[in-house]
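Take a look at the structure below.
Bear in mind the structure is a predicted one, so any value in this text is a computation, not a measurement.
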Amino acid sequence: MTSHGSPAFDPAATSAAHDAALEIRDLRVRFTTPTRTIHAVNGVDLDVAPGEVFALVGESGSGKSVSMLSVMGLVESPPAEVTGSITFGGRQLLGLPRREMNAIRGRDIGMVFQDPMSSLNPVHRVGRQIMEAIRLHEAVSKDEARKRAIDLLDRVGIPSASRRVDDYPHEFSGGMRQRVMIAIALACNPSLLIADEPTTALDVTIQRQIVTLVKDLQRDLGMSVIWITHDLGVVAEIADRVAVMYGGRIMERGTARAVYEDATHPYTTGLLHSIPRTDNALTEWLPEIPGTPDQITEEPTACPFHARCPLTEHDCTSGVPVLEVAGPDGHESACLHHTSVGDGDMLWPIQDREIPDPVLPSDDPVIEIEGLKVHFPIHRHGAKRGAAVRAVDGIDLTIRDATTLGVVGESGCGKSTLGRTLVGLVEPTEGRVLVHGEPLDSSSGPHRRVVQMIFQDPFSSMNPGMRVADIVAEPMRIHGIGTPEDRLSRVRDLLASVGISPDVAERYPHEFSGGQRQRIAIARALAADPDVIVCDEPVSALDVSVQAQIVNLLRETQMATGISLIFIAHDLAVVRHISHEIAVMYLGQVVERAPRDAIYDEPLHPYTKALLAAVPAPSPTAERSTAPTLEGDLPDPSDPPSGCRFHTRCPVAVEGLCDTDVPELRIVDDLRWVSCHLVESTIEITPPSPEPVGSGT
């Protein structure tokens, strides 16, 4: 196997306990509440070698984060009870006095959390927060700590580090905030770095930058890394070894190559086959794992995966399977039938869906967007007169009947603002939106009914004090649809259609999983019988198995009802599976628009190429793209670059052309539009200059 971490790493070395940087034995974590006890971790054993990148993967609730929080001593007792053994550098961490654990945490073990904004103090400058981590563990002066903070920011790729060290967290983009968190975690040169979902919900370009950064730092510093994630594409690019968790137990463990290419547990194969890809043939539906993980409230007495497993037999429920040898190089599986797993395509076949008389796509326009601009005035002190954030800055699009328009681009490109404008939540600055030929009026009840929205975080878009039945019925009540009895019947039908039992309609949102809440959000969007649903990042934070279920559900709903979808996302693999047409946005404008297959088979705009090149391939041996990596962040949308807005990051930009002349969005072949000076009718992009314009910073 080709190592993705330190070149000196040898998987065989982890078999000897004395070689391990971290040893965990029979780790168990229980959370006791007034009504029940949650068995979050149920006997985990693992070793992490010096200089190794070890990935811990699984769905939400599998116990992977709780296991690593236990290593950090961040699981409070009570309500938690942590038992077993955690040895780091030969020292037992469980039961260690708080002062001694505080000395280890941050100095010897660093941690990067999923949401940097919840970890960074918003009222302190980032430099102060890095300096605090240094001075807490080392006796250095403020000047020395500041110098090291600047060096750390420079090491993690923050441009103009000496200036930005005095900025506040809100002045950084999401990807740059994650870099700041990595700088804090590395402040004292720890020997172990724990990264808990560090790239979840980030753009593919920023995600690739973070993965590359961690790989480079790990190689340079020789530290061990534990990467916690549900994104198996990222794992394939960075991990030496992988452990797959479910129900608080390790289901499979081995080298990344063995786990990806010769998986021996049904759960692992299910996860791998649920991943949307850009490098395989399209299918009508995505493979999915039926059901969702259950919380374990009793001492396990069976395989935790048996209720969802296609290989389940009686012996799977008569005891808890333990890890046993399933292949070379320490490959292990906790499945009684691991020799029968075989090909995942056979184990998890794509389920056909019978849709009587499906509605076919048509060319009839439902929504027409003409010259749309949405600018947000800047009122802060020191801003120029008339300054504004140009979130959407001149867009023309058409959404057709029973079709899906995928809108892709990095965070800050304006795609969410576009979606909110279409449902009347944001007023256009210029241009107009036509719905069935009539101008959109944000105060108009009929238009609000015709265009509905599904938000990225379903929990924050639901009233936590309302029952699910009332949440789904609310659009019908607002628009005066049906009698109370009719609405109740409709709610039950809608919940059943999205895979939620009508019997749970009286529960509250917090009593459902993330995937179930997203299904409820879809039911609510359908309640008013709309013609268009705007889906704003509806699956970006979901596990791959749940993501496949939601994508299939949206596609099935479209075929059955004929609704049109606007699917906003940064995950181009997901967009490929659901869209008929793609619009690529950059800094408030559409830079390429074409039918789906044209975009993925032969992208024309350099930005589109860079986005596709950044999509991780879910296989350690997959051929990686040779396209240039997109560096830097989006320019300031209140002061966009002159000429082509992409020229400051474009690898083929021509000085004197791209930085001065604004390219028009023009048609280059049938139904294909591109905004680039270098795209000719021959559909060729040739770098005309060896020197790119701009440094990417």
Checking the side chain of Arg487 only, and the main-chain atoms of Ala473 only, is there a donor and an acceptor separated by less than 3.5 Å? no
With a 4.5 Å limit on heavy-atom distance, are the side chains of Ile350 and His273 in contact? no
Pair Glu284 + Arg353, salt bridge at N-O below 4.0 Å: no
Atom pair CG (Leu405) and SG (Cys535), whose distance is rounded to the nearest 0.5 Å: 11.0 Å
Would you give the length of the straight line joining atom CE of Met559 to atom OG1 of Thr557, rounded to the nearest 0.5 angstrom? 11.0 Å
Polar side-chain atom of Gln549 near backbone of Gly291 as donor-acceptor pair, under 3.5 Å: yes
Closest heavy-atom pair and its distance - Ile471, Pro509: CD1-CG, 3.6 Å
Got a donor-acceptor contact below 3.5 angstrom from the His436 side chain to the Val450 backbone? no
I'd like to check Asp531 versus Val435 (side-chain heavy atoms, cut-off strictly below 4.5 Å). Are they in contact? no
Take Ile563 and Leu526 through the test side chain to side chain contact (heavy atoms under 4.5 Å, CB included) and record every step on the way to the result. CA-CA 9 Å; Ile563 61 170; Leu526 292 170; 4.1 Å; yes
With rounding to the nearest 0.5 Å, note down the distance linking CD1 in Ile520 to CG in Leu494. 12.0 Å
Looking only at side-chain N and O atoms, does Thr483 offer a donor or acceptor that is under 3.5 Å from a partner on Asp486? yes
Option passing side chain to side chain contact (heavy atoms under 4.5 Å, CB included) with Met585 (candidates Thr417, Val591, Leu418, Val408): Leu418
Do any N or O atoms from the side chain of Glu197 and from the backbone of His230 form a donor-acceptor pair under 3.5 angstrom? yes
Passes side chain to side chain contact (heavy atoms under 4.5 Å, CB included), Trp348 versus Leu272? Steps please. CA-CA 10 Å; Trp348 299 100; Leu272 291 171; over 6 Å; no
Show the numbers, then the answer: is there a side-chain hydrogen bond (donor to acceptor under 3.5 Å, both in side chains) between Gln589 and Ser675? CA-CA 9 Å; Gln589 298 179 339; Ser675 173; 5.6 Å; no
Sidechain-backbone polar pair: Arg666 side chain, Cys676 backbone, donor-acceptor under 3.5 Å: yes
Quick one: closest heavy-atom pair of Arg524 and Pro475, and the distance? O-CG, 3.5 Å
Could you check Arg208 against Glu237 for side chain to side chain contact (heavy atoms under 4.5 Å, CB included), going step by step and ending with a plain yes or no? CA-CA 9 Å; Arg208 168 164 279 200; Glu237 293 195 357; 3.8 Å; yes
Does Ser564 use its side chain to pair, donor to acceptor, with the backbone of Ile399 at less than 3.5 Å? no
Side chains of Leu587 and Asp393 in contact at under 4.5 Å (non-hydrogen atoms): no
Quick one: are Val615 and Asp279 in side-chain contact, heavy atoms under 4.5 Å? no
Measure the shortest side-chain to side-chain distance between Gln351 and Pro349 over non-hydrogen atoms and say whether it is less than 4.5 angstrom. yes
How far apart are the closest heavy atoms of Arg390 and Arg645, and which atoms are they? NH1-NH2, 3.9 Å
How long is the span from the CD atom in Glu430 to the NZ atom in Lys373, to the nearest 0.5 Å? 4.5 Å
Using a strict 4.0 Å threshold on nitrogen-to-oxygen distance, state whether Arg672 and Glu602 make a salt bridge. no
Separation of Arg593 CZ from Leu665 CG (nearest 0.5 Å): 6.5 Å
Side-chain donor-acceptor pair under 3.5 Å between Asp203 and Thr205, yes or no? no
Roughly how far, to the nearest 0.5 Å, is NZ of Lys415 from OH of Tyr586? 12.5 Å
Under 3.5 Å donor-acceptor, His647 side chain and Ser642 backbone: yes
Counting distance only, does the side-chain N/O of Asp661 pair as donor-acceptor with the main-chain N or O of Gly643 below 3.5 Å? no
Should His605 and Phe646 count as side-chain neighbours, where that means a heavy-atom distance under 4.5 Å? yes
Between Arg432 (side chain) and Glu370 (backbone), is there a donor-acceptor pair under 3.5 Å? no
Would you find a donor on one side and an acceptor on the other, under 3.5 Å apart, between the side chain of Arg576 and the backbone of Arg277? yes
Taking all heavy atoms of Ala528 and all of Gln452, pick out the closest pair and write down the distance. CB-NE2, 4.3 Å
In the structure I gave you, are the side-chain heavy atoms of Glu592 and Tyr607 within less than 4.5 Å of one another anywhere? no
Which atom names give the shortest non-hydrogen contact between Leu271 and Glu59, and what distance separates them? CD2-CG, 4.2 Å
Return yes if a side-chain donor-acceptor contact under 3.5 Å exists between Thr404 and Gln558, otherwise no. yes
Under 3.5 Å side-chain donor-acceptor pair for Thr403 and Glu581: no
So do the side chains of Pro361 and Arg400 get within less than 4.5 Å of each other, counting heavy atoms only? no
Could you report the tightest heavy-atom contact between Ile289 and Ser545, atom names first, then the distance? CD1-CB, 4.1 Å
Do Ile500 and Gln516 pass the side chain to side chain contact (heavy atoms under 4.5 Å, CB included) test, and can you show the C-alpha distance, the side-chain angles, and the key distance before you say yes or no? CA-CA 7 Å; Ile500 299 293; Gln516 289 174 321; 4.0 Å; yes
So for atom CG, which belongs to Asn280, do other residues, nucleotides or ligands contribute more than 12 heavy atoms lying within a distance under 6.0 Å? yes
